[in-house]
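Below: the structure, in structure tokens.
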Amino acid sequence: GQRNDAPTLADVVAIACGVRHNVGLRSDGTVVTWGSDSYEERDGAPTSTGFVAIACGWHHNVGLRNDGTEVTWGGIGRGQRDDAPTCAGFLAIACGSFHSVGLRNDGT
């Protein structure tokens with residue numbers, strides 16, 4: 001069933017949903033999570049600011065920061081984060097069930 005532990009969402013400007021967890025992007029560039037934490041979908045969430053986009057996969061998440069870098073969390077033991085890029089230059093992000101993609105500013 002559904003969970004009733006959602007935070008106050010008054011300042012949330014975007015929402016993404018995983019299989020049993022959710023991520024919200026607040027207007028101040030922070031992220032908020034709720035729902036399941038079986039694979040660190042919540043506890044592994046970054047506490048910093050500067051996020052401009054979010055995406056959720058089955059048990060993992062990706063956040064795009066305003067400097068063009070990606071931050072990943074969740075999905076422990078499933079391999080979704082094994083090849084996460086450490087470079088900057090990303091414009092967009094998306095997640096599938098067990099994978100993530102990013103579009104760089106050079107079109108790759």
Side-chain angles (χ1 to χ4, degrees):
Q2 291 80 7
R3 305 261 322 222
N4 293 321
D5 62 347
T8 301
L9 301 176
D11 60 345
V12 170
V13 296
I15 293 178
C17 297
V19 69
R20 291 187 310 234
H21 73 285
N22 309 287
V23 178
L25 175 63
R26 290 186 169 137
S27 58
D28 66 0
T30 60
V31 296
V32 60
T33 60
W34 66 100
S36 175
D37 194 36
S38 301
Y39 296 93
E40 294 186 5
E41 299 98 316
R42 296 176 58 191
D43 286 343
T47 57
S48 56
T49 62
F51 288 91
V52 296
I54 51 171
C56 290
W58 194 263
H59 293 295
H60 73 290
N61 310 295
V62 178
L64 178 63
R65 296 181 53 82
N66 56 12
D67 64 0
T69 58
E70 295 180 352
V71 177
T72 61
W73 69 98
I76 57 168
R78 303 268 183 189
Q80 293 97 324
R81 298 171 33 202
D82 290 348
D83 294 325
T86 57
C87 55
F90 287 93
L91 298 176
I93 53 171
C95 291
S97 294
F98 296 102
H99 69 285
S100 303
V101 294
L103 176 64
R104 288 191 174 119
N105 55 15
D106 66 359
T108 59

Legend entry - For the student: nearest non-hydrogen atoms of Pro7 and Val32, plus distance: CG-CG2, 3.3 Å

Inset, instruction - Quick one: closest heavy-atom pair of Ile54 and Val31, and the distance? - result: CG2-CG1, 3.7 Å

Legend entry - Non-hydrogen atoms of Val23 and Cys56 that approach each other most closely: CG2-SG, 3.5 Å

Inset, instruction - First locate atom NE2 of His99, then atom NE2 of His60, and finally report the distance between them rounded to the nearest 0.5 Å. - result: 7.5 Å

Inset, instruction - Evaluate the side-chain proximity of Ser48 to Arg65: yes if any heavy-atom separation is below 4.5 Å, no if none is. - result: yes

Inset, instruction - Under 4.5 Å between side-chain heavy atoms, chaining through other members, with only Ile, Leu, Val, Met, Phe, Trp and Tyr counted: pull out the rest of the cluster around Leu64, sorted by chain and number. - result: Val52, Val62, Phe90, Ile93

Inset, instruction - Identify the two heavy atoms, one from Cys95 and one from Gly57, that lie closest to each other, and give their separation to 0.1 Å. - result: CB-N, 3.5 Å

Inset, instruction - Might you point out which heavy atoms bring His21 and Ser36 nearest each other, and give the distance in Å? - result: CB-O, 3.6 Å

Legend entry - Heavy-atom closest contact (Val71 atom, Pro46 atom, distance): CG1-CG, 4.1 Å

Legend entry - The single option from Asn61, Thr33, Asn22 passing side chain to side chain contact (heavy atoms under 4.5 Å, CB included) against Glu41: Asn61

Legend entry - Cluster companions of Val101 among Ile, Leu, Val, Met, Phe, Trp, Tyr (side-chain spacing under 4.5 Å): none

Legend entry - Arg42 side chain to Gly35 backbone, donor-acceptor under 3.5 Å: yes

Inset, instruction - Could you tell me how the ring of Phe51 sits relative to the ring of Trp73: parallel (under 30°), tilted (30 to 60°) or perpendicular (over 60°)? - result: perpendicular

Inset, instruction - To the nearest 0.5 Å, tell me how far His59 NE2 sits from Ser97 OG. - result: 9.5 Å

